[in-house]
Each structure stands twice: as structure tokens, then as C-alpha cells.
Amino acid sequence: MSDYIPTQIEPKWQAKWEADGLYHSDIDPKRPKHYALTMLPYPSGDLHIGHWYAMTPADARARYMRMNGYNVLFPMGFDAFGLPAENAAIKRGVHPKVWTYKNIENMRKQMRSMGAMFDWRREAVSADPEYYRWTQWFFIQLYKHGLAYRKMSPVDFCPHDNTTLAREQVWGEDRHCERCGTPVIKKDLEQWFFRITQYADELLNYEGLDWPERVRTLQTNWIGRSEGASVIFKTEMGDSLEVFTTRPDTLWGATFMVLSPEHPLVGKLTTAEHRQAVEDYKKQAARQSDIEREATDKEKTGVFTGAYAVNPVNGVKIPIWTADYVLMTYGTGAIMAVPAHDERDFAFARKFGLQIIPVIQPEGVPDLDGETMEVAYVGAGHMINSAQFNGLAVNDEKGRKNPGITAVIDWLAGQGIGKEAVTYKLRDWLISRQRYWGAPIPMIYCEKDGWNPVPDDELPVLLPDDVAWKPTGESPLKLHPTWKQAKCPVCGEPAVRETDTMDTFMCSSWYHLRYLSPWYNQGPFEESEYNYWMPVDTYTGGIEHATMHLMYTRFFHKALRDMQITEGSEPMIQLRNQGMVLGEDHEKMSKSRGNVTAPDDLVHRYGADAVRSYLIFFAKWDMGAPWNRTGIEGTYRWLKRVWALFSEPIGNPSASPETLKVLRRKVHQTLKQVTHDFEQFEFNTIVSGLMELLNEMYKAKEAGAAGTREWSEAVDLYLRMLAPVCPHIAEELWELLGKPYSIHIQSWPKVDEAATHEDEITIPIQINGKLRDRLVFPADTSEEEIKSAALASEIVRKYLEGRQPKKVIVVQKKLVSIVI
RNA sequence: GGGGAAGUGGCGGAAUUGGCAGACGCGCAAGACUUAGGAUUUUGUGCCGCAAGGCGUACGGGUUCAAGUCCCGUCUUCCCCA
């Protein structure tokens with residue numbers, strides 16, 4: 001018997017699998033397909049233990065599906081554009097391309113050491129010109145179909161470094177520049193957008209998707225659909241002020257208006273007397289984040305503009321204020337304030353002594369009084385102080401489900417002062433980045449013909465390599481002497497290229513399509529591959545992508561469908577999220593904290609199989625947990641015990657039939673549990689189940705089971721169950737036992753249900769809810785027999801002291817509960 | 001502030017969904033083997049108690065023959081908010 005030396009067997013099998021193309025996935029119409037996808041990594045340098053934590057169970061499950069007869073596609077690639085490459089260039093003078101591709105090379109090597117079943121022929125790297133050629137092509141398609149457009153939009157800008165900043169480069173509550181610490185300012189730039197808002201309602205529909213409730217809730221909140229009405233107020237000077245409200249039924253209670261400090265009319269409306277206060281207030285508001293501004297518990301601030309508006313429903317003159325709790329980015333940036341029935345308006349009115357008029361009266365309580373109310377009333381009731389609508393019922397529903405709201409909306413529309421309206425928090429997707437290391441936006445500007453797309457046969461618009469890095473961080477594309485010079489695709493006259501690049505979420509919105517045929521150069525993907533493999537059956541990745549990436553890719557797919565490029569509305573049918581591996585200090589792993597665990601060291605010391613099984617075993621997959629360096633000893637020991645048991649000589653069988661029956665029962669019970677766990681993504685109990693079975697097998701061997709038919713079956717099934725989790729040791733032992741190569745193309749075993757049944761059942765006996773006795777019965781004992789045996793038990797008789805029990809509950813095959 | 005998730009031994013976690021709480025593993029303790037042990041192996045290990053027994057799933061109530069699981073309230077931690 002030899003020792004278990006993973007570093008000897010693992011590279012050997014990895015090389016053989018690769019040479020044999022064992023994990024190549026090709027179209028096979030005879031077999032059901034399964035597209036298993038795990039989120040692709042950013043090539044930051046090293047594969048992190050977190051990557052392993054995400055990929056290993058995904059790989060194990062892909063292998064399980066393959067053993068179940070599916071033709072499985074499990075590809076891998078790199079999300080290779082992005083800011084860190086540019087930061088490295090600025091800090092260390094390495095070209096982003098060099099930095100990125102060196103990292104990719106390193107990470108490929110690390111991934112190979114995992115022994116995953118990636119089909120590397122299908123690898124896609126988003127920074128390859130052959131990849132971003134199609135990213136650009138998609139942009140042009142979206143542009144041609146009116147889904148991409150250009151408009152002014154504010155960006156974060158550092159006045160000291162004189163550069164635009166990405167969101168993640170703006171730090172802290174005071175929103176300062178990551179590099180120099182200067183507070184950032186907003187600057188308006190012309191930028192490109194995708195019309196994701198056009199798909200807002202469709203994105204709210206998750207029909208046919210097996211996605212976690214949590215992700216759907218996050219997306220739903222992100223889209224933030226509100227139903228209500230838009231109403232036109234007029235200022236005394238005659239300007240129109242449109243407001244959106246979800247509560248048009250409370251219009252008669254509007255006692256003032258509030259404009260966002262950024263609202264374009266604030267300047268015009270403000271009277272000379274109030275101008276200084278308003279200007280000061282605007283400056284102060286601009287320095288706060290939206291979250292701070294919206295917080296309901298925050299002390300309300302605001303100033304009077306000196307102007308008045310007229311409430312269109314009753315002609316009452318109401319003051320116009322400006323306050324930071326109204327955001328320009330939501331609705332119209334102006335609200336009608338109904339302090340009696342809105343918490344924030346109420347707090348504001350009380351603070352500044354503004355009038356409060358109740359217009360919804362709850363049932364069965366004394367009449368509300370604006371002078372004495374202590375909180376806003378937001379519930380159901382009937383309308384009061386509302387002219388012809390007095391007495392109308394208002395319930396807790398939103399929109400047209402509410403009779404009060406419906407009646408008022410219809411009346412407003414009839415009067416021409418308002419109409420039914422829906423607003424969303426979702427904004428159009430801003431895709432311009434003032435960066436170098438991204439896919440150039442393939443557009444050309446001509447003085448005469450305006451913006452036009454680069455012709456298809458000129459794609460890709462290549463990133464130039466010969467760029468200079470200025471410490472300002474301004475995009476080198478802008479500073480490049482010749483790159484932006486182009487010919488107008490329409491008139492042929494000199495024109496200029498767009499120097500912005502695309503948001504990398506654009507690259508990752510379609511990578512699952514490039515995996516289908518990264519070799520293909522006639523289009524983004526080969527149709528036959530698409531028709532066979534799509535949609536993705538199982539998508540796994542971190543919850544942090546719930547809103548951005550997962551929403552963008554859904555939008556992208558719907559847009560492709562509408563442009564007749566693809567069929568189907570949803571790219572990924574089933575979604576599951578893993579949790580995060582924290583450092584041993586329970587903090588998020590990061591180089592700066594020095595709490596990072598490097599998988600390479602672990603693989604070197606314990607082998608990939610031990611690392612894989614430990615990552616699967618040590619935490620509930622969807623929860624994650626802090627790393628524990630000694631824990632891995634457990635799975636390493638387990639594998640050594642597997643090795644020892646399966647590779648040592650068998651000896652003469654001498655086990656009793658009972659021993660063999662018990663062994664076979666445990667094997668099939670484990671198979672049943674492990675199968676269930678793979679289906680349900682409950683990975684940690686797969687390993688614990690296999691550990692338990694191993695312990696039973698040691699006992700059985702002790703009792704002389706080795707060499708029997710049951711023993712052979714146990715070993716065979718054990719290795720098949722082990723194969724998805726620990727592919728190397730399973731393959732090695734499989735070969736050692738003289739079984740046909742490769743274990744990874746064997747079938748998943750079938751559970752023998754009959755073998756799983758217990759002969760005997762142990763029934764706990766409770767008296768007044770406390771466990772007092774345990775009795776063993778043959779499994780088929782009737783309820784009556786169990787009941788009488790329980791009552792006859794010595795311990796129960798002692799407690800009964802000759803009395804009759806008040807109640808006896810017998811739960812079939814579970815327990816007996818006696819009440820005295 | 002709003003929305004969401006979660007609180008089970010010293011630690012990570014089990015518990016067929018209302019039915020024997022603590023599977024499996026780490027750690028720890030004692031023993032065996034050994035020149036040695038950071039190898040291997042055996043046994044033990046929720047807490048209190050010499051024991052009988054009692055108490056135990058964040059805390060306080062409730063429903064039930066029976067609650068980690070269901071209901072009400074409180075506290076704590078974590079995640080998300082362009």
C-alpha cells in the first residue's frame with residue numbers, strides 16, 4: 001500500500017484529461033444539453049480562494065450533471081477590460097495589455113491546478129480584438145435600433161487631477177478623489193446611454209425564471225416602479241410645475257410645494273429677498289449623497305423661495321420651498337407636499353410651521369386635526385376636505401387598485417390638469433467611460449453628418465498600443481496624436497472618433513454567447529451552437545451582481561431578441577448565489593488587510609482534491625464563512641483514509657449477512673442524500689455524507705465485509721459519488737481497481753430504494769413533552785402495537801403511577817407522546 | 001433612513017420542514033504505537049451537577065401533546081441603496 005501523495009497524481013491526471021480532450025463539449029443532438037455557467041473572473045493577478053469557492057461547487061455540479069447523462073458545457077474566460085489595469089499602468093508603468101495578459105496566463109495555470117472540467121477551447125477574453133469587435137458590433141446594432149443615444153449627463157470629476165472618475169474612485173461620505181483626496185464635483189459631459197428603461201416593465205417579470213427571491217426583490221426595488229399621476233401646478237408667474245405623486249387622492253391636502261435644489265426653475269422662481277439663502281442652500285445640498293438626503297430620520301432642512309404656486313384642484317395659493325429631501329433624479333424633481341399624509345412632508349411642515357390639512361379620515365377614530373396631529377396618517381379611510389370627493393373610500397392599495405386614486409386620476413384627466421403616470425427609479429444605462437482600457441465606442445463625429453457608426457467592415461476599432469500615461473489619468477485615447485482622426489462614413493471628409501470606451505458591463509452582458517463559438521469570425525456566435533446550447537441552464541455567482549450585471553444581461557438579451565439577433569427573452573434560467581469566504585479575522589479578504597489565503601500554497605501542501613472538498617464542506621455554500629486554516633486538515637485526513645481503505649489488500653470475506661445488509665443500506669441512503677444535495681445545491685452535506693459512509697465502511701471492513709459483492713458495490717458507488725468533488729483521487733483509485741477510464745464519463749448510480757429502508761425503528765417516548773424512554777420495534781409494527789408497548793414500558797408505568805394518561809399521541813414511525 | 005438576510009457548543013456547521021437538538025469536521029482532553037510526533041490510531045467532548053437529575057438553539061412572551069422550526073415584541077450582526 002502506497003501513501004496518498006496528491007502532488008503526484010493530480011498533475012498526471014490533469015495532463016491526461018487535457019490530452020484526451022475529456023472535457024470537450026460538442027453539439028450532440030442525441031443527448032440533452034446542460035449549459036452550466038459560473039461568473040467569469042476579472043484578471044486581477046492571482047486566483048483567490050474566493051474564486052475557488054465559487055468555481056469548485058459549480059464544477060462539481062457540472063460533473064454531476066454530466067454523469068447524469070447531460071451533454072454539459074462548462075466554459076471559462078476573463079472579463080479582461082477595466083480600471084485596475086490602468087491603475088497598474090499609472091503606478092508601475094506597465095502597459096494595461098501586458099499586465100492583463102500576464103495575469104490571465106497566471107490565472108489559467110492556477111485554474112488548471114483545480115482540476116475543473118472547463119472546456120478551454122471555448123475560452124473567451126473580452127479584451128481580445130476578436131471579442132470586442134463584436135462588443136462594438138452590438139453597440140452599433142443597439143444604436144441602429146434606437147436603443148443607444150447620446151445626452152448630457154453629470155460625471156464625477158476631480159478638479160485637482162483634472163480627470164473624470166469612475167464611481168469606485170470616489171470615496172467616503174465627503175465624496176473625495178481616491179488619488180488626491182480632493183472633494184469631487186459634478187461635471188456635465190455628452191455621454192452614451194442604452195434605453196434599458198424601455199424594458200423596465202418586462203424586467204419586472206420573472207416568469208419562467210428559477211431565481212432566488214432575494215435577487216428578484218433587489219431587481220424589483222432597483223427598477224422601483226411607482227404608479228400614480230402627474231399633475232401640473234402653475235406658479236403665480238405662470239410657469240408650469242409638473243409633479244409626480246403616488247397619492248393623487250390627497251391633492252386637496254397639498255399645502256406647499258418642494259423643489260429639488262437642482263431643479264431648473266429654482267433660480268427663476270426665487271425672489272430677490274430669498275436669493276442669497278437659496279444659493280447657499282444649493283451649495284450645501286450638492287455635497288450630500290442621495291442616501292443621506294433621503295433618510296427619513298434626518299433633521300429636515302430647506303429654504304423658502306419666496307414664490308407661490310396654485311393648487312389646480314382648488315385654486316389655493318401655496319408656498320414653494322426647496323429642500324434636499326427631494327431628488328432631481330426621481331420623478332420630476334418637484335413634489336406637492338401633503339404633510340397630513342406623508343411622513344417626510346409632515347416633519348418638514350412641523351419644523352417650518354407650515355399648514356397641515358388632513359384629507360383622509362381613518363374610520364372609527366376622532367376627526368384628524370392638522371393642528372394637533374403628531375404623525376402623518378398614511379393608512380386607509382375616506383376622503384374629507386376634498387370637495388366633491390368627500391366620503392369616497394381610500395384603501396391601502398397602490399395605483400388603480402385604490403378606488404380613491406382611480407376616481408381622482410380619471411377626474412384630473414377629464415379636467416386636463418393631470419393624468420395617470422408611472423415612474424421608475426431605474427435610469428438609462430450610462431455606458432461611456434472616459435478611460436483607455438475598454439472597448440472603444442465605435443462612433444465617428446462629422447461636422448456635417450453628425451454621429452455615425454463605424455462601418456461593420458472596419459471593425460474592430462482597435463485600441464492603440466502606443467499610448468502615453470499622464471499622471472492626470474485623462475484617457476490616453478484623447479491625448480493620442482492620430483488615433484481619433486477618421487473619415488466620416490457618410491461623406492468621407494475628415495471626422496473624429498469617439499474617445500470614450502464602453503462600460504465593462506457591456507462586455508460581460510454577452511460573454512455567455514461568445515463562449516459558444518469564440519473561434520467564429522462571421523458573427524458574435526455561431527447559430528448552430530446558439531440553437532443547441534442556449535439558454536444557460538444554471539448560472540452561479542456572487543449576490544453582488546444582483547442588480548447591475550444580471551439586470552444588464554437580461555436587458556441585453558431582450559434587446560437582441562427585439563433586433564432579431566437571437567430568440568428567447570431570458571439568458572439564464574436558473575440562478576444560484578454563493579456566499580463569501582472571509583479572512584480568519586472575519587473581515588473581508590484583501591491584500592491591504594493581509595488576511596488573504598492563497599490557494600496555491602494549499603494545493604501544494606494538501607492537493608487540489610483536499611482544497612476542493614474543504615471549500616465544499618466548510619460552509620453552507622450560499623452563506624460563506626470565515627476561513628479556518630486548521631479545518632482543511634479534516635478533509636485531507638478524510639482523503640487519506642479513503643486512499644488507505646480503497647488501496648489496501650482486501651483479505652478474506654467473513655462478514656455476517658446482517659453486516660452486509662447494513663453496509664448496503666448505508667451506501668444507498670448516502671447515495672440518496674448526496675443525489676438530493678447535488679440537486680439542491682446543498683454541497684456541504686455531500687462531503688459530510690461521504691465522510692459518514694467512509695466511517696461505516698471502515699466498520700464493515702473490520703467486520704470482514706471486504707471481498708464481498710456488497711463491498712465491491714460500495715467501493716464502486718463511493719468513487720462515483722466522490723468523482724465530482726475530488727476528481728483526481730477518484731480517477732486514480734478507479735484505475736487502481738482496474739475499472740475502465742475514465743470515471744468522469746461513468747453514469748451516476750441509481751438508488752435502490754428497497755435497500756434504504758430500515759428494519760428496525762427506534763421510537764422515543766415522551767411524557768409531558770420530555771424524553772423518558774426509547775423503544776425499538778420492527779419497522780412494520782402497527783400504531784396500536786407501538787402504543788400499547790409504550791404504555792407497558794417500565795419507565796412509563798413508573799411515571800403513570802397507575803393513573804390513566806390524559807392523552808396518547810402516536811406519530812407513525814416518529815414518536816409517542818404521552819400526556820399525564 | 002429604507003429594503004433584505006441571519007443569530008444553534010470553544011469554532012464551521014447538521015436537523016427528512018412542527019416530532020430524539022448538536023450529524024460531519026475542526027479544536028480540545030486522555031490512552032495506544034513510536035527514538036520522536038505537527039504522522040497514525042482508540043476513547044471522550046453542549047452547559048451545571050459526585051450522582052440522580054436539571055438546563056439548553058440571541059432575549060421576552062404566545063400557539064401546541066410537542067417549537068431551532070409557527071405567531072407577536074425586543075436586541076445584535078451582516079449585505080444592498082446607480
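Note on naming: letters A, B, ... go to the chains in the order of the sequence lines (proteins, then strands), and numbering restarts at 1 for each one. Please read these numbers as outputs of a predicted model, since none were measured by experiment.
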Considering Watson-Crick and G-U wobble pairs with both distances under 3.5 Å, what does B:C75 pair with? B:G7
Proximity to the side chain of A:Phe617 - top-ranked nucleotide from B:G12, B:G3, B:A23: B:G12
Determine, for A:Arg576 against A:Asp210, whether the closest basic-nitrogen to carboxylate-oxygen distance falls under 4.0 angstrom. yes
Examine B:U16: is either OP1 or OP2 under 4.0 Å from a nitrogen or oxygen in the side chain of A:Lys814? Give yes or no. no
So does A:His604 have more than 12 non-hydrogen atoms from other groups sitting under 6.0 Å from NE2? no
A:Arg554 vs A:Glu202, test: salt bridge (charged side-chain N to carboxylate O under 4.0 Å, His left out). Steps then yes/no. CA-CA 10 Å; A:Arg554 287 182 70 209; A:Glu202 203 191 332; over 6 Å; no
Base-pairing assignment for B:G38 (Watson-Crick or G-U wobble, both under 3.5 Å): none
Across all strands shown, which nucleotide pairs with B:G1 by Watson-Crick or G-U wobble geometry, both distances under 3.5 Å? B:C81
Go ahead and name the base partner of B:U69; Watson-Crick or wobble counts if both distances stay under 3.5 Å, otherwise write none. none
Work out how far the P atom of B:C78 is from that of B:G73, and round it to whole angstrom. 24 Å
Using the rule given for ring-ring contact (aromatic ring centres under 6.0 Å, His included), can you reason through A:Trp211 versus A:Tyr206, listing the C-alpha separation, both sets of side-chain angles and the distance that settles it, and then say yes or no? CA-CA 8 Å; A:Trp211 281 30; A:Tyr206 306 98; 7.0 Å; no
Regarding B:U40, purine or pyrimidine glycosidic angle vs 90° from 0 gives anti
Return the nearest nucleotide to the side chain of A:Lys640; candidates are B:C65, B:A39, B:G19. B:A39
Hey, is the side chain of A:Lys620 poking within less than 4.0 Å of OP1 or OP2 on B:G13, counting only N and O atoms? no
Between B:U64 and B:C71 - P atom distance, rounded Å: 16 Å
Considering every strand and a 4.0 Å limit on heavy-atom distances, what is the contact class for A:Trp429: base, sugar-phosphate, or nothing? nothing
Is A:Asn684 close enough to B:A14 that one of its side-chain N or O atoms is under 4.0 Å from OP1 or OP2 there? yes
Have a look at A:Arg772 and say if it touches a base, only the backbone sugar-phosphate, or nothing, with a 4.0 Å heavy-atom cut-off. sugar-phosphate
Applying a 3.5 Å limit to both distances, which nucleotide forms a Watson-Crick or G-U wobble pair with B:U45? B:G27
I want to verify a distance call: between B:C20, B:C79, B:A14, whose nearest atom is closest to the A:Gln766 side chain? B:C20
Contact class for A:Val811 (heavy atom, under 4.0 Å): base, sugar-phosphate, or nothing? base
Please determine, for the side chain of A:Met691, which listed nucleotide (B:A82, B:C24, B:G19) has the closest atom? B:C24
Taking NZ, NE, NH1 and NH2 as the nitrogens, is one of them in A:Arg150 or A:Glu190 under 4.0 Å from a carboxylate oxygen of the other? yes
Tell me whether the OP1 or OP2 atom of B:G3 has a side-chain N or O from A:Arg214 closer than 4.0 Å. no
Side chain of A:Thr630 (C-beta onward), nearest among B:C24, B:C81, B:C26: B:C26
Heavy atoms from other residues, nucleotides or ligands near CD of A:Gln812 exceed 12 (cutoff 6.0 Å): yes
Choose from B:C79, B:C20, B:C26 the nucleotide whose nearest atom is closest to any side-chain atom of A:Asn628. B:C26
Under 4.0 Å, heavy atoms only, any strand: does A:Gly624 hit a base, just the sugar-phosphate, or nothing? sugar-phosphate
Would you say B:G25 has OP1 or OP2 under 4.0 Å from some side-chain N or O of A:Asn695? yes
If each of A:Leu771 and A:Ala625 is mapped to the nucleotide of RNA chain B with the nearest heavy atom, which maps nearer the 5' terminus, i.e. the 5' end? A:Ala625
As a test of reading the structure: which of B:C80, B:C20, B:A14 is closest to the side chain of A:Leu218, going by heavy atoms? B:C80
Side chain of A:Arg637 only, heavy atoms from C-beta on: which candidate in B:G27, B:C65, B:A6 is closest? B:G27
Could you check whether A:Arg641 gets within reach of a base, just the sugar-phosphate, or nothing at all, counting any heavy atom under 4.0 Å? sugar-phosphate
According to a strict under-4.0 Å criterion, is A:Lys770 in side-chain N/O contact with OP1 or OP2 of B:A21? no
Give A:Ile632 one of three labels, base, sugar-phosphate or nothing, depending on what nucleic acid heavy atoms sit under 4.0 Å from its own. nothing
Given A:Tyr53, A:Trp627, A:Trp638, A:Tyr636, the one that forms ring pair (Phe, Tyr, Trp, His ring centres under 6.0 Å) with A:Tyr614: A:Trp627
Comparing A:Ile223 and A:Arg605 on RNA chain B - which has the more 5′ nearest nucleotide: A:Arg605
Would B:G9 be called syn or anti here, given the cut-off of 90° from 0? syn
